[in-house]
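Beneath this line is the structure, given in structure tokens, with notes to follow.
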Number of protein chains: 2
Amino acid sequence: MSTPGTTEGTVPSGHASPNVFCEHCPTRLVLDRLSDKWVVLILARLSEGPRRFNQLRREIEGVAQKMLSQTLKKMERDGLIGRQAFATVPVTVEYSITPLGLTLASKVVEIAHWAEENIEQVLAAQASYDAN
Amino acid sequence: MSTPGTTEGTVPSGHASPNVFCEHCPTRLVLDRLSDKWVVLILARLSEGPRRFNQLRREIEGVAQKMLSQTLKKMERDGLIGRQAFATVPVTVEYSITPLGLTLASKVVEIAHWAEENIEQVLAAQASYDAN
DNA sequence: CCGGATCCCAAACGATACTG
DNA sequence: CAGTATCGTTTGGGATCCGG
């Protein structure tokens, strides 16, 4: 990435450049977000347009309410999505993607596409590996 | 992705098309791999060239031997990386990326780049959020 | 409808020690 | 050098109930 082959970044302009390979670099936080299993799917959905809470819940199979609300809160904190509540009764809440989130989403949907396109090769490799 | 707005894929050719939003679709396996915290970093390193075990260990700060060998084994099973042992003494093992792994790596390094480029915006958003 | 609070289990992860 | 084995801790995440 920044400085292949080294463990700490050089300093090209101002302060230490971020380097995901460095243990305590905050960029690791971003990669950790992708570990949050649902972030990828939420980003993909919201990049198509705003969604209400239960709407998202239905569209993303298998997610528990707790995980969804937790994940949405984290993503809001990270500035990836926005949240707007309408004082209807019962209350309506709408989540939307931010410009920042959209740039990440564009990268992330490519991973999803890759998964859909190459899953068969992966499954074949697994079968072959397990045959030994 | 495949069929936005629905929960199950249509069947264009042969069998059900993969759909990451579908709960039990195997494409979820791929996304789960990215949850393996070290996969991204290993892919990035190996896409630069082959590495020996301890070489990788040194280049990826903070990884435990156990996690590294576990993760490498999974990735080999998935067909993302190759493993070659040389009967030297002591034994030498070299890991390299496969053509399949390389296509995924190209997507994944973009995420890493995004992290390095946008981390400040994320940190700022967090600070702003926490101020409330 | 949109969540928060609580409980609980399984999996991930890390540290250490040991082996071919 | 390149792992495996074991143990203990931490975290993710699902189920359920409750409240605004």
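Note that CG of L72(B) is 4.5 Å distant from CD1 of I42(B), once rounded to the nearest 0.5 Å. If you take CD on Q65(A) and CG on L56(A), they are separated by 13.0 Å, rounding to the nearest 0.5 Å.
Overall bending of the helix from dC1(C)-dG20(D) to dG20(C)-dC1(D), expressed as the angle between end axes built from five pairs apiece, is 50° (10° steps).
At the phosphate of dC2(C), neither OP1 nor OP2 sits under 4.0 Å from any side-chain N or O atom of S69(A).
For the pair L72(A) CG and dG13(D) P, the interatomic distance rounds to 14 Å; values are reported in whole Å. Between L68(A) atom CG and dC2(C) atom P the separation is 10 Å, expressed in whole Å. Remark: P of dA12(C) and CG of D36(B) are 7 Å apart, rounded to the nearest angstrom. Per the geometry, CZ belonging to R58(B) stands 14 Å off P belonging to dG3(D), to the nearest Å. Atom-to-atom, CG of N54(A) to P of dG3(C) comes out at 9 Å; the value is rounded to the nearest Å. Counting to the nearest Å, the P atom of dG3(D) and the CZ atom of F86(B) are 12 Å from each other. Atom P of nucleotide dC13(C) and atom CG of L41(B) are separated by 12 Å, given to the nearest angstrom. When the P atom of dG4(C) is taken as reference, atom CD of Q70(A) falls 9 Å away, rounded to whole Å.
With distances taken from any side-chain atom of Y95(B) to the nucleotides dA2(D), dG3(D), dG3(C), the minimum falls on dG3(D).
In this structure R52(B) satisfies the salt bridge (charged side-chain N to carboxylate O under 4.0 Å, His left out) test with no other residue, sequence neighbours excluded.
In this structure, the side chain of S47(B) engages the main chain of L43(B) through a donor-acceptor pair within 3.5 Å. A donor-acceptor distance shorter than 3.5 angstrom exists from the side chain of R51(B) to the backbone of G49(B), with no hydrogens or angles considered. The closest donor-acceptor contact from the side chain of T98(B) to the backbone of G79(B) lies under 3.5 Å.
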Check the interface with nucleotides 14-20 of chain D: list each N/O to N/O pair with the protein under 3.5 Å, or write none.
from, atom 1, to, atom 2, distance (Å)
dG14(D), O6, K66(A), NZ, 2.1

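Ranked by how close their nearest DNA chain C nucleotide is to the 5' end, T71(B) and R83(A) are led by R83(A). For the pair K74(B) and Q55(A), nearest-nucleotide mapping onto DNA chain C gives the more 5' position to Q55(A).
Side chains of R77(A) and D130(B) form a contact here, defined as non-hydrogen atoms less than 4.5 Å apart. At a threshold of 4.5 Å between non-hydrogen side-chain atoms, the residues N118(A) and L104(B) do not count as touching. Side-chain contact between V39(B) and V108(B): absent, with no pair of heavy atoms (C-beta onward) separated by less than 4.5 Å.
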